[in-house]
Amino acid sequence: SFPYQYFVHRTSLPPSFAMANLSPEQFDALFQAFPFQGYISETEHRGITLPQLGRIIDYATEHCGDWRDTNKYSRTFDQPLSMNILNLYHLNSWAILPSTQEADCAFVELFTKERQTPRWFVSHWWGEVIADFVACVQKHSEIRCLPDESPYWVCAYANRQHALGQELTADPRATSFFKAMQLAEGVLLVLDDKMDSSGPSTPFTRIWCAFELSMVLDLTASADDDSPMLLDIGHRPSGASRVELLSDGITPWDKKQPRWSTDVRHKSKREQSFPIDIVKVALHLQLERASASMEDDVVHILNCLASRPLESRPTLDQHENYDRTNARLRAVLAVAVWRQALERKLIDSLKLPECLAADRWRTQLRLDLTDCQEVDNQSVTILAQSLPRHLVNLYLDFTNCNNIGDAGFEALADHMPGTLQQLYLACRSVPLLSDEGIKALARRLPQSLRDAHFDLLICNQITDEGLSALCSSIPPTMQLLVLRLAGIHDLTDQTLANISHNMPSSLQTFKLDLSGCDKIGDPGLASLANGLPACLQHLSLWLVGCLEVSDAGVAAIAKNLPDDLQELTLSLKFCEKVSDLSVAMIAKHLPKSLKEMDLNFNCCAVSDEKVALTEKLEAMKNWTPTVRHDIKTPVPARPSAPAQAPAHVEGTERAKRHIKAQFQAADRAGDGRLSSNELKICLEKLRFSRAECRSVFDKVDSNHDGAISCEELSAWVFKSENKKALDRLLGL
């Protein structure tokens with residue numbers, strides 16, 4: 001077991017980094033194994049590769065039996081070392097310091113003189129067993145499908161240990177650590193196991209590791225949506241050969257597995273044995289109590305996080321930035337283990353909902369629960385109640401979750417953050433979802449949405465009625481809309497008419513999948529064509545197996561393609577009534593602005609010659625087809641008139657939703673309570689005059705607790721004394 005309890009719990013004295021007393025024979029062996037190669041000027045480019053790590057393991061395996069523990073504070077002081085306990089403190093004394101002293105170089109510079117820019121940054125504790133550390137890196141490289149020569153940045157090997165004063169600055173954000181992290185795709189966090197005098201998960205108690213993880217949050221927030229900073233977690237249990245790895249999202253390894261199952265199912269199976277207990281420490285993380293080998297590191301990092309002068313002493317015991325960073329890190333770990341905890345019924349005992357809800361600074365949440373049969377109405381309700389209130393981007397995937405019904409989606413709708421701008425909701429093959437669940441979502445769909453993706457494939461209890469409600473709730477400022485409705489057999493042309501009738505004029509990207517919806521025909525396509533916005537730039541329609549679609553419906557789409565369209569995808573595979581005439585109509589009406597095209601007329605009544613023509617955009621643009629003019633234009637389907645609640649009921653519900661939305665917008669602290677100034681801002685947004693906003697705080701604060709809840713505000717607004725303002729609100 002690792003004996004460095006002294007270093008974990010006592011930071012008033014630094015640990016001994018003294019070089020061991022090597023014999024001449026040991027020096028010779030060291031220099032032969034690791035001859036100096038040359039200098040690499042910038043520390044952040046001194047990554048180390050797996051083959052190079054393998055050389056370290058090989059050397060340590062051969063020689064560590066001749067090494068002894070040189071730390072007088074260690075429980076195994078002066079005892080022989082072995083690969084079962086050998087850690088970086090030991091390796092530093094017996095290999096790194098002796099081999100780099102003469103050239104005053106980094107250990108990596110004994111392997112190469114060329115830059116090795118890191119693909120991944122490794123955050124870890126020097127006290128874990130080196131063999132376990134390297135095994136975690138090997139497993140990570142395998143799961144991420146990285147070439148062997150992909151560098152990992154490891155501080156012990158990248159920094160020049162004889163000149164740490166030059167490598168490390170007082171400002172943590174100017175150190176080689178931070179610069180290397182900025183170059184990497186992500187961070188691999190290696191967690192140690194529970195041992196006699198340390199662990200588990202010691203990195204969460206170390207100030208440098210906590211700081212590195214906080215920087216992951218900052219770098220993720222500043223990164224593009226397409227290239228977020230990834231966080232993977234590796235762990236090898238004591239005495240085990242298997243390495244457990246939690247990956248941030250689907251990995252290339254998951255995608256390469258046999259196609260009998262989904263990527264997400266492969267990921268879930270790979271991670272199902274990850275020991276959740278190992279992250280319990282993180283769920284109670286308090287970085288202000290973390291330690292370091294050098295007391296100055298604690299001072300500098302805490303002052304950096306608190307935006308204070310770096311040398312300020314003493315450090316603050318409390319600061320809002322500490323609270324924010326703690327809450328954000330706990331939430332990151334809560335989301336990482338949410339699925340595993342759900343499958344093992346540990347959500348409540350680990351207090352994951354509290355961890356997630358406490359991260360009121362979170363703007364994005366992605367949770368993929370595909371194929372998780374433990375997901376039911378209760379678990380969805382718990383998740384919904386935990387959603388941070390200021391989310392901007394929400395991704396939830398419930399594909400093949402057979403135990404969720406309308407009640408779960410109603411709870412999700414009730415707690416949908418009013419600040420959402422991007423929503424991805426996948427409910428493929430959720431058999432219990434019906435129109436009632438869709439209508440609940442529609443009633444509370446945030447009007448702030450700009451991008452929405454609804455995947456309802458093979459949800460066969462959904463009909464035109466539910467889709468009509470959803471379409472009618474689409475915000476008028478929507479810019480991207482994806483509706484995947486394939487396999488819903490009861491959908492008719494009326495659904496297309498409702499989509500067309502409610503199509504936002506601002507829409508730039510529209511994707512609609514109706515494959516297998518065999519009641520869809522030409523009237524529906526004609527109606528859809530009439531509603532395509534003039535500013536639309538990306539249009540995708542999948543109508544595979546829609547047997548009632550003919551040349552007339554395709555012609556209606558072709559004639560109404562927007563002039564500024566940039567991309568067109570149209571799949572009419574197995575549409576037997578579609579012929580060469582459809583290809584001709586599309587060619588005739590192709591917008592000049594079109595840059596990308598993907599047409600699929602396989603298994604239609606289209607000749608091989610015309611199918612080949614559709615494979616090349618330039619060929620379609622250069623073709624001048626002869627088109628007969630006797631194509632009968634189908635009569636567009638008409639949108640349904642959705643069942644209306646009595647006017648006063650609908651107006652009241654709409655007003656309550658508007659009150660809730662404005663309350664959340666004014667609640668800057670995100671704690672569900674408004675101050676006096678926040679109340680005034682909220683009331684002005686609710687069309688109360690400035691005169692009406694004055695001196696009302698005590699009236700609204702019905703329980704006299706000094707703050708206003710949403711329920712208090714709503715109750716006060718609907719009082720008879722506010723009739724004029726209420727009438728204005730009901731008129732919204």
Side-chain angles (χ1 to χ4, degrees), residues 7-8 11 43-48 88 117-128 133 136-137 140 151-159 164 167-192 199-223 228-235 245-248 278-279 281-283 285-294 296-306 310 321-322 324-333 335-336:
F7 299 145
V8 177
T11 58
T43 311
E44 59 269 26
H45 290 284
R46 299 181 200 145
I48 191 167
L88 261 177
T117 303
R119 291 278 304 267
W120 282 79
F121 179 100
V122 186
S123 182
H124 68 117
W125 177 49
W126 277 38
E128 85 250 317
F133 171 85
C136 287
V137 176
H140 180 264
Y152 287 79
W153 198 89
V154 183
C155 63
Y157 308 127
N159 286 326
L164 286 177
E167 304 280 284
L168 304 178
T169 65
D171 184 356
R173 289 191 175 91
T175 61
S176 55
F177 292 80
F178 187 58
K179 292 177 181 178
M181 191 182 296
Q182 289 177 300
L183 295 172
E185 297 174 13
V187 171
L188 169 60
L189 173 63
V190 178
L191 298 180
D192 56 315
S201 303
T202 305
F204 294 122
T205 69
R206 306 296 284 175
I207 194 70
W208 268 112
C209 294
F211 176 74
E212 289 161 4
L213 293 178
S214 72
M215 291 303 99
V216 172
L217 301 177
D218 292 343
L219 291 173
T220 298
S222 61
M229 175 65 71
L230 301 174
L231 176 62
D232 294 346
I233 304 172
H235 169 68
L245 186 80
L246 285 180
S247 64
D248 191 345
I278 207 72
V279 299
V281 176
L283 300 175
L285 181 143
Q286 291 181 288
L287 63 85
E288 64 271 26
R289 296 186 181 181
S291 61
S293 298
M294 305 298 292
D296 282 351
D297 290 348
V298 176
V299 172
H300 294 156
I301 289 175
L302 291 182
N303 284 334
C304 177
L305 292 172
L310 295 176
N321 289 354
Y322 301 165
R324 179 177 67 232
T325 304
N326 287 335
R328 293 175 70 195
L329 288 175
R330 291 170 193 154
V332 166
L333 272 297
V335 173

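Computed from heavy atoms alone, side chains included, the values below leave out hydrogens, waters and symmetry copies.
The OH atom of Tyr157 lies 9.5 Å from the SG atom of Cys155; values are rounded to the nearest 0.5 Å. Remark: Asp218 CG to Gln182 CD distance equals 10.5 Å, nearest 0.5 Å. Expressed to the nearest 0.5 Å, how far CH2 of Trp153 lies from CD of Glu44 amounts to 9.0 Å. In this structure, CG in Asp171 is found 5.0 Å from CG in Leu310, a value given to the nearest 0.5 Å. Within the model, atoms CE of Met215 and OG of Ser123 stand 12.0 Å from one another, a figure rounded to the nearest 0.5 Å. Separating the CE atom in Met294 from the CG atom in Leu164 is a distance of 9.0 Å, to the nearest 0.5 Å.
Of all the heavy atoms in Phe133 and Val122, the pair that sits closest is CE1-CG1, 3.4 Å. The nearest pair of heavy atoms linking Pro203 to Cys209 is O-CB, 3.0 Å. When every heavy atom of Glu288 is checked against every heavy atom of Leu302, the shortest pair comes out as CA-CD2, 3.8 Å. Pairing each heavy atom of Tyr152 with each of His140, the nearest pair is OH-ND1, 2.9 Å. Here the shortest heavy-atom pairing between Leu287 and Ile207 reads O-CD1, 3.4 Å. For Asn326 against Gln286, the heavy-atom pair with the smallest separation is OD1-CA, 3.6 Å.
When each of Ile233, Leu191, Leu189 is paired with Leu246, the side chain to side chain contact (heavy atoms under 4.5 Å, CB included) condition holds for Ile233 and for no other.
Listed by chain and number, the residues in a salt bridge (charged side-chain N to carboxylate O under 4.0 Å, His left out) with Arg289 amount to none (sequence neighbours excluded). Listed by chain and number, the residues in a side-chain contact (heavy atoms from CB on, under 4.5 Å) with Ala327 are Trp361 (sequence neighbours excluded). Here Asn303 pairs with Val299, Arg308, Ser312, Thr315 under the side-chain contact (heavy atoms from CB on, under 4.5 Å) rule; sequence neighbours left out.
Looking at Asp297 and Arg206, no side-chain N of the basic residue comes within less than 4.0 Å of a carboxylate O on the acidic one, giving no salt bridge.
The side-chain heavy atoms of Leu245 and Cys136, taken from C-beta on, include no pair separated by under 4.5 Å. Between Asn159 and Phe177, some side-chain heavy-atom pair lies under the 4.5 Å cut-off. When side chains are defined from C-beta on, Trp125 does not count as touching Thr205, because their heavy atoms never get closer than 4.5 Å.
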Determine whether Thr202 and Trp126 satisfy the following criterion, side-chain contact (heavy atoms from CB on, under 4.5 Å), listing intermediate values before the conclusion.
CA-CA 10 Å; Thr202 305; Trp126 277 38; over 6 Å; no
Could you check Met181 against Met229 for side-chain contact (heavy atoms from CB on, under 4.5 Å), going step by step and ending with a plain yes or no?
CA-CA 9 Å; Met181 191 182 296; Met229 175 65 71; 4.2 Å; yes
What do the steps show when you test Ile278 against Phe204 for side-chain contact (heavy atoms from CB on, under 4.5 Å), and what is the final call?
CA-CA 11 Å; Ile278 207 72; Phe204 294 122; over 6 Å; no
The test is side-chain contact (heavy atoms from CB on, under 4.5 Å); show your working for Leu183 and His45 and say whether it passes.
CA-CA 9 Å; Leu183 295 172; His45 290 284; 3.8 Å; yes
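No side-chain donor-acceptor contact under 3.5 Å links Trp208 to the backbone of Ile301. Checked by atom type and distance alone, the side chain of Asp232 pairs as donor or acceptor with a backbone atom of Asp248 at under 3.5 Å. No donor-acceptor pair under 3.5 Å is formed between the side chain of Asp192 and the backbone N or O of Glu128. For the pair His124 (side chain) and Val190 (backbone), a donor-acceptor distance under 3.5 Å is absent. In this structure, the side chain of Arg330 engages the main chain of Leu285 through a donor-acceptor pair within 3.5 Å.
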